[in-house]
J.: 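Below are the structure tokens for one structure; questions will follow.
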Amino acid sequence: MNNAELIEKSSKLFINTYSRYPVAIVEGSGCRLKDADGQEFLDFLAGIAVCSLGHCHPAVTEAICKQAGTLLHVSNLYHTVPQTELAGLLVNNSFADRVFMCNSGAEANEAAIKLARKHGGEGRYEIISLEGSFHGRTLAAVTATGQPKFHKGFEPMPEGFVYAPFGDIDALEKLISAKTCAILCEPLQGEGGVRPLAKEYLAAIRQLCDQHQLLLIFDEVQVGMGRTGSLFAYEQFGVTPDIMTLAKALANGLPIGALLTSEAVAASFEPGSHASTFGGNPVVCAAGVVVVETMLGGGFLDEVKAKGDYLAAKLAEIAKRYPRIAVGGRGMGLIQGLILTPEYVSRGTDIVNSLFEAGILANFAGNIALRFLPPLVVSREEIDLLAVALDKIFAELA
Ligand SMILES: *Cc1c(COP(=O)(O)O)cnc(C)c1O
């Protein structure tokens, strides 16, 4: 089947929830993808921060195949080796003492919301999140998402969520009441337009949590797992959360989510409080073990930082050459955004489409930033290819 034949079939089968590019991707290796017509793409999205070790990383594939031939699934009524191994790696390399495993980012945030409410106790159920945030599409996670466009048509939203304007600590403090149990935020907003929180802002949020005995929840679904150049983004902010959620890159493409927390907070859940049929599946966790071990291996994260700096410098150069189109870059490690000028934000999607025509996958986030999330194994030569393509597109646009 070629692209046209597959798209013809596909477009009749699915509920129309995605506006998809007119390609059927059939294989991937490293930072390259191939479509059903044999055309190659350079991937600067990595499944939206998922395939961080690159497509079909041999060690991940090997671990998956081996585990699939050993034990595919048992209920969480029983212990398994890969799940325990992955949880051990996460605990030993983070602030956390205990882990809950599920299957996606939204599910990890649901678990965090439930845990924060249970920990808060009678009458303390309200969660403050930030405007421009993204926390997933399930009903509670989407309610926590501080963007009205994701709520539209699904009202009434569940009770107990309020939103603080981004960057305004005084406004946030005013939202704290006797009902508040937690503050939820991404250390760097991904969907919101590659927007990092200032270190001082995050430190002040931590202080408010301590002062009012609130839990601080970091959603590191997108920025965790090496993306920013440290295993977790919070390490670079110098602020430690009480709960952290992970998903996307944790198993390099297999579905997984995880909630990490301290012993004291974990104690609020007891047998029966929360559960997942598939969460912590042995095959998925076997992949996760390879991901964590690879990222902690010699020099991997230093290289992410160095290549992130390289990409940031390339984007800054482009912004300098085309000041009418781009204001500048922002990001951390290998999550980088090129911020468009007010005049050109309406062309964001066109620019992404032009990149697609040039064989490069990227996207437009928060209606402001061209967002680049390559596999963390991206080479400097591949970053150069992106820069050349962007330069050409901007030259034609200017
Ligand atoms: C993608 C994302 C989610 C949702 O994850 P799903 O696996 O799609 O449910 C939640 N939070 C952040 C920050 C994300 O980037």
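On a predicted model such as this, the values are computed, not experimentally measured, just so you know. Atoms within a ligand are numbered from 1 in the order they appear, just like the ligands themselves.
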J.: Pull out every atom of ligand 1 sitting under 4.0 Å from any heavy atom of S104, numbered as shown with elements.
T.: 7 (O), 9 (O)
J.: Do T245 and N109 have side-chain N/O donor and acceptor atoms under 3.5 Å apart?
T.: yes
J.: If I apply the N/O under 3.5 Å rule, does V221 come out as touching ligand 1?
T.: no
J.: Is the closest side-chain heavy-atom distance between L197 and F166 below 4.5 Å?
T.: yes
J.: When the ring planes of F218 and Y234 are compared, do they come out parallel, tilted or perpendicular, using 30° and 60° as the limits?
T.: tilted
J.: Can you list the atoms of ligand 1 that are under 4.0 Å from a heavy atom of E186?
T.: 13 (C)
J.: Do me a favour and list the nearest non-hydrogen protein atom to atom 9 (O) of ligand 1 with residue, atom name and distance?
T.: A106 N, 2.8 Å
J.: Which protein non-hydrogen atom lies closest to atom 11 (N) of ligand 1, naming both residue and atom, and how far is it?
T.: D219 OD2, 2.7 Å
J.: Please report whether ligand 1 has a polar contact with G136, defined as an N or O pair separated by less than 3.5 Å (distance criterion only).
T.: no
J.: Between the candidates Q222, K248, H135, which shows the shortest non-hydrogen contact distance to atom 2 (C) of ligand 1?
T.: K248
J.: Quick one: look up the protein heavy atom nearest atom 5 (O) of ligand 1 and list residue, atom name and how far away it is.
T.: G105 CA, 3.3 Å
J.: Answer yes or no: is there a side-chain heavy-atom contact under 4.5 Å between V221 and L246?
T.: no
J.: Using a strict 4.0 Å threshold on nitrogen-to-oxygen distance, state whether K174 and D168 make a salt bridge.
T.: no
J.: Heavy atom under 4.0 Å from ligand 1: found in N109's side chain, backbone, both, or neither?
T.: side chain
J.: Compute the shortest N/O to N/O distance between A247 and ligand 1 and return yes if it is under 3.5 Å, no if not.
T.: no
J.: Can you tell whether the side chains of E5 and K9 come within less than 4.0 Å, N to carboxylate O?
T.: no
J.: What residue among R227, E186, E191 forms side-chain hydrogen bond (donor to acceptor under 3.5 Å, both in side chains) with Q222?
T.: E191
